[in-house]
Amino acid sequence: MNKKLLIRDLTLRDGQQSAFATRMNQSQVDRVLPYYKDANFYAMEVWGGAVPDSVMRYLGENPWERLEKIKSVVGNVSKLTALSRGRNLFGYAPYPDEIIDGFFKNAVASGLDIMRIFDALNDVDNIKSSVKCIKKYGGMADCAVCYTVDPKYDDAAQEGKKGGFLSSLFGKKYEQPKRQPVFTDEYFLGKAKEMLALGADMISIKDMSGLIPPARVNALVTSFKQNLNVPIDFHTHCTPGYGLGAVLAAIVAGADVVDTAIWNFAGGPAAPAIELIYIFCKKLGVELDVNMEAVAKINEQLLEIRKELDAVDAVKQFPKPFNPLTDTLPAEIDREFDNAVEAAKRNDETALLKACYAIEAYFNFPKPNELVKNAEIPGGMYTNMVAQLKQFNSLDILEDAMKLIPSVRLDAGLPPLVTPTSQIVGAQAVNSAINIKNGRPKYTNPSNQFIALVKGEYGQTPVPVDPEFRLLIAGTREETPYDTGKHKMQDNPLLPEYGELPLAKNEKEVLLLELFPTVATGFLRKKREEEFKARHKEETPVAETLGQQAKPGQKTDEEPIVGNLVECPIPGTILEVYVKPGDKVTKGKNLLILEAMKMENDITSNFSGTVHRVFVKAGDVVREGAPMVEIVP
């Protein structure tokens with residue numbers, strides 16, 4: 001056990017992403033920054049993950065400005081850290097080296113000190129460029145091994161309630177090959193050694209699902225400390241109930257850094273509370289440099305901010321107010337802290353978890369979520385699924401979708417569930433649940449990203465994808481890596497309606513377009529509109545955006561359906577429409593792109609004929625079963 005422990009605070013990134021759907025706006029962030037300057041955390045995770053996407057998509061804010069504003073206040077008191085997805089950076093597709101290089105150049109220039117780099121498949125080849133680039137520009141490479149487990153397979157779920165996809169095609173029950181354990185301690189240490197060989201400045205054990213029990217933490221941290229000569233960081237979540245005990249086990253096993261969140265943003269789907277770790281460290285004689293008085297001031301602000309975020313609060317259960325500097329613990333709860341410490345020292349997992357559950361129950365932190373625990377998914381993935389299904393009034397299929405996750409994951413090569421694979425697998429599980437509910441094959445209309453994952457474009461999966469399954473999903477039996485040489489830069493058009501301004505006016509905005517084409521296009525177009533109006537100080541008519549082929553009045557309640565309808569298979573948002581009335585189409589032709597849970601789905605025609613009406617336009621939110629295109633023979 002180390003005599004000094006460093007803390008990476010997750011509150012402003014992972015904390016708000018896990019519990020509040022990343023909706024904390026800049027003004028809310030600004031309210032806590034002066035206190036963070038005094039808190040003296042080793043590091044603050046403030047960027048990356050879902051932050052760049054969400055601040056544009058939901059808040060209309062510039063993600064580069066968020067990083068720069070935090071740096072301007074906090075300075076060098078704490079290292080600013082972010083999370084990136086290897087070759088995918090913050091997006092859902094692999095990028096060529098020149099994009100990765102430009103991204104890290106601008107990230108470091110905007111204030112980033114440490115990038116935690118992971119690959120969703122633990123394919124170390126996918127992080128090489130990021131490690132090289134962050135170090136090139138003076139930042140630190142924190143390479144993360146994504147912890148995951150072999151799933152509890154449900155063969156009934158694999159087949160689906162009305163017959164499995166593979167069985168229906170092969171005419172018999174599809175049998176998976178004999179399953180051997182994949183995610184062993186040796187597997188994780190091997191990945192960490194590969195990362196160290198690339199030049200990692202530190203190694204993180206990234207338990208994005210909160211699935212690592214304390215005894216396994218003890219074994220992994222001990223092994224990493226014995227075999228790796230760089231600092232070891234431990235990251236987990238509390239959703240399934242292991243989080244607090246797991247962090248204590250990591251401290252006792254000698255972790256150099258642990259990740260925590262501040263009280264009102266901690267627990268449940270987020271990380272354990274720094275306030276509880278502080279008490280453990282006092283009892284262990286472990287030194288913390290954190291200024292807990294400043295932390296208490298941050299927490300006062302977070303309480304009010306959490307109330308403001310009520311509409312997106314995934315838990316809606318506030319912990320009992322507590323300040324470890326001023327509040328006295330009841331004797332029985334103080335005893336539970338002692339019990340937990342002693343249990344961690346002797347590696348008694350049962351006793352450790354029992355004590356931690358008692359502590360969390362006393363402070364009114366959420367109970368372990370058995371559904372998430374059994375489905376073996378990240379808490380953030382769960383909250384995203386809930387939020388998006390709720391948006392489309394489809395919460396009734398949540399449980400069915402959760403049960404399908406292990407089988408979808410196995411079919412796709414057993415990827416660890418972390419963005420983007422968690423989103424890809426989660427969205428496909430939702431799609432499959434809807435398909436089965438409606439009597440369709442399990443893999444009807446797979447998303448473009450699921451197809452790419454199965455094809456091999458995201459990298460090498462932990463276990464090989466069955467060639468026959470790949471053929472059925474992706475049209476080829478051969479694993480096909482993504483060819484970054486074919487990458488085409490996003491268009492950056494001039495906008496005549498806004499005085500011939502370019503859509504992206506600098507390198508940072510061009511990078512936003514590359515990483516988030518759809519979201520950044522809307523965000524930047526609005527920014528150019530605002531700038532144009534500010535210069536002219538008067539309302540200026542704005543031309544209609546492209547892709548809005550459905551004209552006002554085209555669909556009327558009075559006009560009867562005379563052709564075949566292409567209906568929405570899953571709830572989502574229309575990204576692009578390819579056809580207009582009068583177009584000739586053949587069966588299988590792409591009609592439009594539907595975004596569902598951030599995944600893009602090509603919607604094809606089941607009919608040949610002529611487009612009679614188009615009922616949707618880009619930007620429309622559509623429900624399952626809604627008419628989209630009418631085609632007459």
Side-chain angles (χ1 to χ4, degrees), residues 22-30 47-48 50-72 82 89-93 95 98-107 109-112 487-552 573-578 580 592-595 598 600 616-621:
T22 329
R23 297 298 202 279
M24 197 174 179
N25 62 39
Q26 187 64 51
S27 67
Q28 292 167 329
V29 171
D30 290 342
W47 208 53
V51 166
D53 180 303
S54 293
V55 300
M56 288 190 294
R57 183 187 296 262
Y58 302 114
L59 306 175
E61 297 177 355
N62 189 318
W64 293 105
E65 291 178 2
R66 172 159 300 194
L67 178 58
E68 291 158 1
K69 287 179 180 179
I70 294 173
K71 187 68 172 183
S72 69
L89 295 176
F90 296 159
Y92 287 84
Y95 292 97
E98 57 267 30
I99 298 295
I100 295 172
D101 185 85
F103 167 76
F104 278 101
K105 179 183 72 174
N106 283 280
S110 292
L112 186 72
H487 179 82
K488 182 179 180 296
M489 293 284 288
Q490 295 293 318
D491 290 335
N492 184 20
L494 296 177
L495 304 176
E497 64 269 41
Y498 305 131
E500 298 295 332
L501 288 171
L503 181 61
K505 64 181 184 180
N506 55 46
E507 187 173 329
K508 289 179 181 177
E509 292 187 346
V510 168
L511 285 165
L512 293 180
L513 271 182
E514 286 299 304
L515 271 58
F516 313 99
T518 303
V519 174
T521 295
F523 168 73
L524 294 174
R525 182 177 287 276
K526 185 176 180 182
K527 290 299 177 187
R528 301 296 87 87
E529 178 186 0
E530 291 171 353
E531 292 164 359
F532 183 76
K533 287 182 176 180
R535 283 200 306 273
H536 291 267
K537 298 186 184 303
E538 61 183 16
E539 290 296 319
T540 304
V542 178
E544 290 186 0
T545 59
L546 296 176
Q548 298 185 351
Q549 288 90 346
K551 305 302 181 184
T573 303
I574 304 298
L575 289 185
E576 191 169 355
V577 180
Y578 296 130
K580 61 184 183 300
L592 54 88
I593 296 179
L594 175 75
E595 181 193 59
K598 298 184 183 179
E600 295 178 5
V616 294
K617 62 182 184 299
D620 283 354
V621 176

Among residues at least two apart in sequence or on other chains, which ones pass side chain to side chain contact (heavy atoms under 4.5 Å, CB included) with D30? Q26, L33
To the nearest 0.5 angstrom, please state how far the OG atom of S27 sits from the CD atom of E61. 7.0 Å
Qualifying residues under salt bridge (charged side-chain N to carboxylate O under 4.0 Å, His left out), relative to K69, sequence neighbours excluded: none
Which residues pass the ring pair (Phe, Tyr, Trp, His ring centres under 6.0 Å) test with F104, sequence neighbours left out? none
Can V55 and N62 be said to form a side-chain contact (heavy atoms from CB on, under 4.5 Å), step by step? CA-CA 7 Å; V55 300; N62 189 318; over 6 Å; no
Can you tell me how far apart NZ (K505) and CD (E531) are? Round to the nearest 0.5 Å. 3.5 Å
Check the pair F532, L495 against side-chain contact (heavy atoms from CB on, under 4.5 Å), reporting the backbone distance first and the verdict last. CA-CA 11 Å; F532 183 76; L495 304 176; over 6 Å; no
Closest non-hydrogen atom pair between L592 and Y578, with its separation: N-CD1, 3.8 Å
Can you name the residues that form a salt bridge (charged side-chain N to carboxylate O under 4.0 Å, His left out) with E65, not counting sequence neighbours? none
Is there a donor-acceptor pair closer than 3.5 Å between any side-chain N or O of D491 and the backbone N or O of P493? no
Side chains of I70 and W47: does their closest heavy-atom pair fall under 4.5 Å? no
Show me, pair by pair, the donor-acceptor contacts under 3.5 angstrom made by side chains of residues 512-523, not counting sequence neighbours?
{"from": "E514", "atom 1": "OE1", "to": "H487", "atom 2": "NE2", "distance (Å)": "2.7"}
{"from": "E514", "atom 1": "OE2", "to": "Q490", "atom 2": "N", "distance (Å)": "2.6"}
{"from": "T521", "atom 1": "OG1", "to": "P517", "atom 2": "O", "distance (Å)": "2.5"}

Ion pair check, K527 and E530, cut-off under 4.0 Å: yes
Does a side-chain heavy-atom distance below 4.5 Å link M56 with L524? no
With sequence neighbours left out, the residues meeting salt bridge (charged side-chain N to carboxylate O under 4.0 Å, His left out) with E507 are K105
Tell me, do Q28 and L59 make a side-chain contact under 4.5 Å, heavy atoms counted? no
Minimum-distance pair of heavy atoms, taken over all atoms of N492 and A504: OD1-N, 2.7 Å
Is there a donor-acceptor pair closer than 3.5 Å between any side-chain N or O of D620 and the backbone N or O of I574? no
Less than 4.5 Å apart, any side-chain heavy atom of K508 and any of S110? yes
Can you tell if the side chain of Y498 reaches within under 4.5 Å of the side chain of R525, non-hydrogen atoms only? yes
